[in-house]
Amino acid sequence: MKRRWNFSLWAGFLLVVLGLVSYVTFFVRFPITRDFPWANLLLFFTGAVLLGKGLIQSFRQPELYRGKILGSILAAVSLAGIGFFSYGLFYLVRQLPSSAAAPRLGQKAPDFTLSDQNGKPVTLAELLASPSAGTAGARANGVLLIFYRGYW
Amino acid sequence: MVAISVDAPEVTRQHCQKLGFTYTFLSDPNAEVIRRYDLLHQGGGPKGADIARPAEFLIDSTGTIRWINLTDSVTVRARPEQVLKAFDDLKPAAPSGA
């Protein structure tokens, strides 16, 4: 008797792969799926359940289902992928300096002079004097300083 | 709204053109201001470059810091509505409906 193709194994593996690639390519664009990667965790969970189901079928009914060896490999690769994802998203991205000496609420912001994108020197004092220079229709007399990691 | 990063003005200009940003982008290639604000993330950039950690400061017209957002994760940033609320809170209780 020809053994059946083990659908659950492949579906589970594909979901895990989708969970791995979809964060950077898609979910990172929306704050609600970026701040906490619940959509990806859901994909991982569903994928893991299907992989588990497939593996149980392969090992309990090897006469009926294929995939004992391949299924084990897919499961191991999936587990490594999920581990890598978790390490990156729950550990690496949180390795930020404490910035204990950063200016605090109520303090005066330290002044500075830096070049803008056209090479023109700009001071904080100038920006404060004309907050609307930075952006049209400023909502209030204030300057929002945004420190970026950079553009790459 | 003013952005600061360690990128050179040329890199920043291209970035702004590409994304259509019109507000002021400042360059701090030696991370002097970033250091002064204690926001240096050593080796945090590509190829171990020193960069700024993500951070936002709202400064009122007297130069006083009125709102700070120091995220503890690179993937979590201030949301637009948080920033707009911080701006609203700057205003002394203005009569509503004006």
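Chain identifiers are assigned alphabetically (A, B, ...) following the order of the sequence lines, protein sequences preceding nucleic acid strands; residue numbering begins at 1 within each chain.
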If you count heavy atoms of other groups shown closer than 6.0 angstrom to CZ of A:F7, is the number above 12? no
Check: A:P110 main-chain N/O paired with B:Y37 side-chain donor or acceptor under 3.5 Å: yes
If you measure from CD1 on B:I4 to CZ on A:F112, what distance do you get to the nearest 0.5 Å? 4.0 Å
Residues A:D35, B:T75; criterion side chain to side chain contact (heavy atoms under 4.5 Å, CB included); working and verdict: CA-CA 6 Å; A:D35 292 358; B:T75 63; 5.7 Å; no
Checking heavy atoms, do the side chain of B:R53, its backbone, both or neither come under 4.5 Å from chain A? both
In terms of hydrophobic clustering (I, L, V, M, F, W, Y; side-chain heavy atoms under 4.5 Å; direct or indirect links), are A:V24 and A:L18 co-clustered? yes
To the nearest 0.5 Å, what is the distance between CZ on B:F57 and CD1 on A:I146? 12.0 Å
Donor-acceptor pair, side chain of B:H41 and main chain of A:Q95, under 3.5 angstrom: yes
Using non-hydrogen atoms and a 4.5 Å limit, figure out which bit of A:L92 sits close to chain B: side chain, backbone, both or neither. neither
Transitively linked via ILVMFWY side-chain contacts under 4.5 Å: A:Y91 with A:W38? no
Within the supplied structure, the quantity of interest is the number of heavy atoms (other residues, nucleotides, ligands) at a distance under 6.0 Å from A:F45 CZ; does it exceed 12? no
Are B:V76 and A:F36 linked, directly or through intermediate hydrophobic residues, by side-chain heavy-atom contacts shorter than 4.5 Å (ILVMFWY only)? no
Starting at OG of A:S115, measure out to CG of B:D28 and round the result to the nearest 0.5 Å. 10.0 Å
Search all heavy atoms of B:S27 against all heavy atoms of A:L114 and return the closest pair with its distance. O-CD2, 3.3 Å
Flag the pair A:L96 / B:V74 as yes when at least one side-chain heavy-atom distance between them is below 4.5 Å, and no otherwise. yes
More than 12 non-hydrogen atoms from neighbouring residues, nucleotides or ligands closer than 6.0 Å to CZ on A:R66, yes or no? no
I'd like to know which of A:A101, A:G119, A:S99 tops the heavy-atom pair count under 4.5 Å against chain B. A:S99
What do you reckon, is CD of B:Q42 surrounded by more than 12 foreign heavy atoms closer than 6.0 Å? no
For chain A, the option from B:E32, B:E56, B:H15, B:E10 that forms the most heavy-atom pairs under 4.5 Å: B:H15
Nearest-0.5 Å distance that lies between atom OH in A:Y148 and atom CD1 in B:I34: 13.0 Å
Quickly, which of B:I68, B:V33, B:I59, B:L58 forms a side chain to side chain contact (heavy atoms under 4.5 Å, CB included) with A:L145? Name it, please. B:I59
Over 12 non-hydrogen atoms of neighbours within 6.0 angstrom of CD1 in A:I69: no
Look up atom CG in A:L105 and atom CD1 in B:I65, then write down how far apart they are to the nearest 0.5 Å. 7.5 Å
Expected output: side-chain B:R13 to main-chain A:D116 donor-acceptor under 3.5 Å: no
Which pair of non-hydrogen atoms, one from A:A102 and one from B:L70, has the smallest distance, and what is that distance? CB-CD1, 4.5 Å
B:V6 and A:R149 have their tightest heavy-atom pair at CG2-O, 4.5 Å
Mark yes or no for whether A:Q117, through its side chain, and B:F25, through its backbone, hold a donor-acceptor pair below 3.5 Å. yes
Gap between atom CG of A:L144 and atom CZ of B:R66 - 0.5 Å precision: 13.5 Å
Counting only non-hydrogen atoms closer than 4.5 Å, does A:Y23 touch chain B with its backbone (N, CA, C, O), its side chain (CB onward), both, or neither? side chain
Check the hydrophobic clustering (I, L, V, M, F, W, Y; side-chain heavy atoms under 4.5 Å; chains of links allowed) and say if A:V77 and A:F85 are grouped together. yes
Donor-acceptor contact present, side-chain B:R36 to main-chain A:D111, <3.5 Å: yes
Between A:L15 and A:L79, is there shared hydrophobic-cluster membership here, with clusters defined by ILVMFWY side-chain heavy atoms closer than 4.5 Å? no
